[in-house]
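Chain letters run A, B, ... following the sequence lines, proteins first, then strands; residues in each count from 1.
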Protein chains: 2
Amino acid sequence: MSQADQLDRPTGGGEAVSKSRLRAWLQVLKLSRSIETALRERMRSEFGSTLPRFDVLAALDRAETGMRMSDLSRALMVSNGNVTGIVDRLVDDGLIVRAPVQGDRRAWIVRLTNKGRQHFATMAQVHEQWIDELLGGLAPGDARTLDRIVSAARRGGEDQT
Amino acid sequence: MSQADQLDRPTGGGEAVSKSRLRAWLQVLKLSRSIETALRERMRSEFGSTLPRFDVLAALDRAETGMRMSDLSRALMVSNGNVTGIVDRLVDDGLIVRAPVQGDRRAWIVRLTNKGRQHFATMAQVHEQWIDELLGGLAPGDARTLDRIVSAARRGGEDQT
DNA sequence: TGCAAAATATTTATGCTTGAAGTAATTTTC
DNA sequence: GAAAATTACTTCAAGCATAAATATTTTGCA
């Protein structure tokens, strides 16, 4: 993992702040990459599924009445075309359905089937255990601190969500 | 963004620790996704390049004598096949070269060309500014705290790097 | 009403990514 | 010194991801 490790070069001594931000970012990137890798492997071996599929199911599980494609795209922070492909496959597997929207023939509402809801419930439970295990090195107090700092950093950036 | 947002459901009151870890993880995931999205867009519009290409160049910039393909794969935490493709394209663009390894005809050493080194230097400088800007909401002290906590969490997990 | 502008969804092209399988070279084992 | 195991890299298929282009529908407004 890298994405610019010009960290070990001696600096003049002025812009220490940008260096410490860069350093923090690289750590965050490494952590999220290693956790995502571990989750992906487990999703595949335990459920024959993927993270993007799980993300779509998770979003729909919270939306009682379903979501539009564009809502999904926004919620998951991925492109429209991407959602189309993932939804296509989930529909093929009978985990979700597309339904037309009353009064707007461009849009589609996507929602879980019973099968999809059950499938997600099983995965979600195990998923939380995996996170707990993968972040075992994170003391309870540190977890809250991390949550607080990262939330603040996100609000400070330019693109909210 | 989601990946299991079963956070807002009332819990019995027992496993608060796993909930706080899950919450922290979801924040970390959202942050890294939004920053990567912003960086990707800027890499494309400013340099006509991509993050994976930048990552490879960054790793090679630090390795005076070049790196093997498998070293790159480990350093970037991506699969072997992935590295092959990215390196192929960078070679096509004249930014890096492949050279045989003395005494091991299976392996290849990859290193920057002069063109590649110059190109990376330009990008790295701007990249650091982007990070500084995207993490502008992160106070200097928080950046160090974040670095420390995330580093500890990574060492606690199962896959080191 | 009628038509331009905006919104929504899909399609297309390209590149990233993985996991598995394949090829070739090297090292280990006996 | 030959068979077996390991290591290094590539190739392949499938899925993920984006940006740009297209098609369609709805909305705004003159």
| message | Side-chain N or O of A:Asn80 versus OP1/OP2 of C:dA9: is the shortest distance under 4.0 Å? | response | no
| field | Salt bridge A:Arg53-A:Asp93, side-chain N to carboxylate O under 4.0 Å | value | yes
| Spacing of B:Glu36 atom CD relative to C:dC16 atom C1', expressed in whole Å | 12 Å
| task | State whether the side chain of B:Arg111 and the backbone N or O of B:Met67 hold a donor-acceptor pair below 3.5 Å, judged by distance alone. | result | no
| Taking for each residue the nucleotide of DNA chain D bearing the nearest heavy atom, is the 5' side occupied by B:Ala107 or by B:Gly81? | B:Ala107
| message | Between C1' on C:dA7 and CE on A:Met69, what's the gap in Å once rounded to a whole number? | response | 15 Å
| query | How many Å lie between CG on A:Asn82 and C1' on D:dC16, as a whole number? | reply | 6 Å
| said: The side chain of B:Trp108 is closest to which nucleotide in this list: D:dT10, D:dC16, C:dC16? | reply: D:dT10
| request: Confirm from the modelled atom types if A:Arg106 and C:dA7 form a donor-acceptor pair under 3.5 Å, side chain to base only. | output: yes
| request: May I ask you to check whether A:Asp147 and A:Ser151 show a side-chain donor-acceptor distance below 3.5 Å? | output: yes
| said: In whole Å, I'd like the distance from the CG atom of A:Leu76 to the P atom of D:dT18. | reply: 10 Å
| Passing candidate, side chain to side chain contact (heavy atoms under 4.5 Å, CB included) with A:Thr145, options B:Asp142, B:Leu146, B:Ile149 | B:Ile149
| message | Can you see if the side chain of A:Ser79 gets near the phosphate of D:dA19 - specifically, an N or O under 4.0 Å from OP1 or OP2? | response | no
| message | In whole Å, I'd like the distance from the CZ atom of A:Phe54 to the C1' atom of D:dG15. | response | 18 Å
| query | With a non-hydrogen cut-off below 4.0 angstrom, is B:Asp104 in contact with a base, only sugar-phosphate, or nothing? | reply | sugar-phosphate
| task | May I have the step-by-step check of salt bridge (charged side-chain N to carboxylate O under 4.0 Å, His left out) for A:Asp104 and A:Arg68, ending in yes or no? | result | CA-CA 11 Å; A:Asp104 189 342; A:Arg68 292 186 179 210; 3.6 Å; yes
| message | Check the phosphate of C:dC16 against B:Thr50, side-chain N and O only, distance under 4.0 Å to OP1 or OP2. Yes or no? | response | yes
| said: From CZ of B:Arg42 over to P of D:dT18, roughly how many Å is that when rounded to an integer? | reply: 17 Å
| query | Which nucleotide in the list D:dA8, C:dA9, D:dA17 gets nearest to the side chain of B:Arg68? | reply | D:dA8
| request: Using a cut-off of strictly less than 4.0 Å, decide whether B:Arg105 has a side-chain nitrogen or oxygen near OP1 or OP2 of C:dT26. | output: yes
| task | Write down the distance between CG (A:Asp88) and C1' (D:dC16), rounded to a whole number of angstrom. | result | 13 Å
| query | Do the ring centers of B:Phe120 and B:Phe54 come within less than 6.0 Å of each other? | reply | yes
| query | Between D:dC16, C:dT18, C:dT8, which nucleotide gets closest to the side-chain atoms of A:Ile86? | reply | D:dC16
| query | Hey, which of these two, A:Asp71 or A:Glu41, hits DNA chain C nearer its 5' end, going by closest nucleotide? | reply | A:Asp71
| Proximal nucleotide (of D:dC16, D:dT18, C:dT17) relative to the B:Arg40 side chain | D:dT18
| field | Short side-chain N/O contact to D:dA20 OP1/OP2 from B:Arg44, under 4.0 Å | value | yes
| Contact class for B:Ser70 vs. all strands (heavy atom < 4.0 Å): base, sugar-phosphate, or nothing? | sugar-phosphate
| remark: Whole-Å distance, A:Arg53 CZ to D:dA17 C1', equals 17 Å
| message | Side chain of A:Arg98 only, heavy atoms from C-beta on: which candidate in C:dT17, D:dC16, C:dT10 is closest? | response | C:dT10
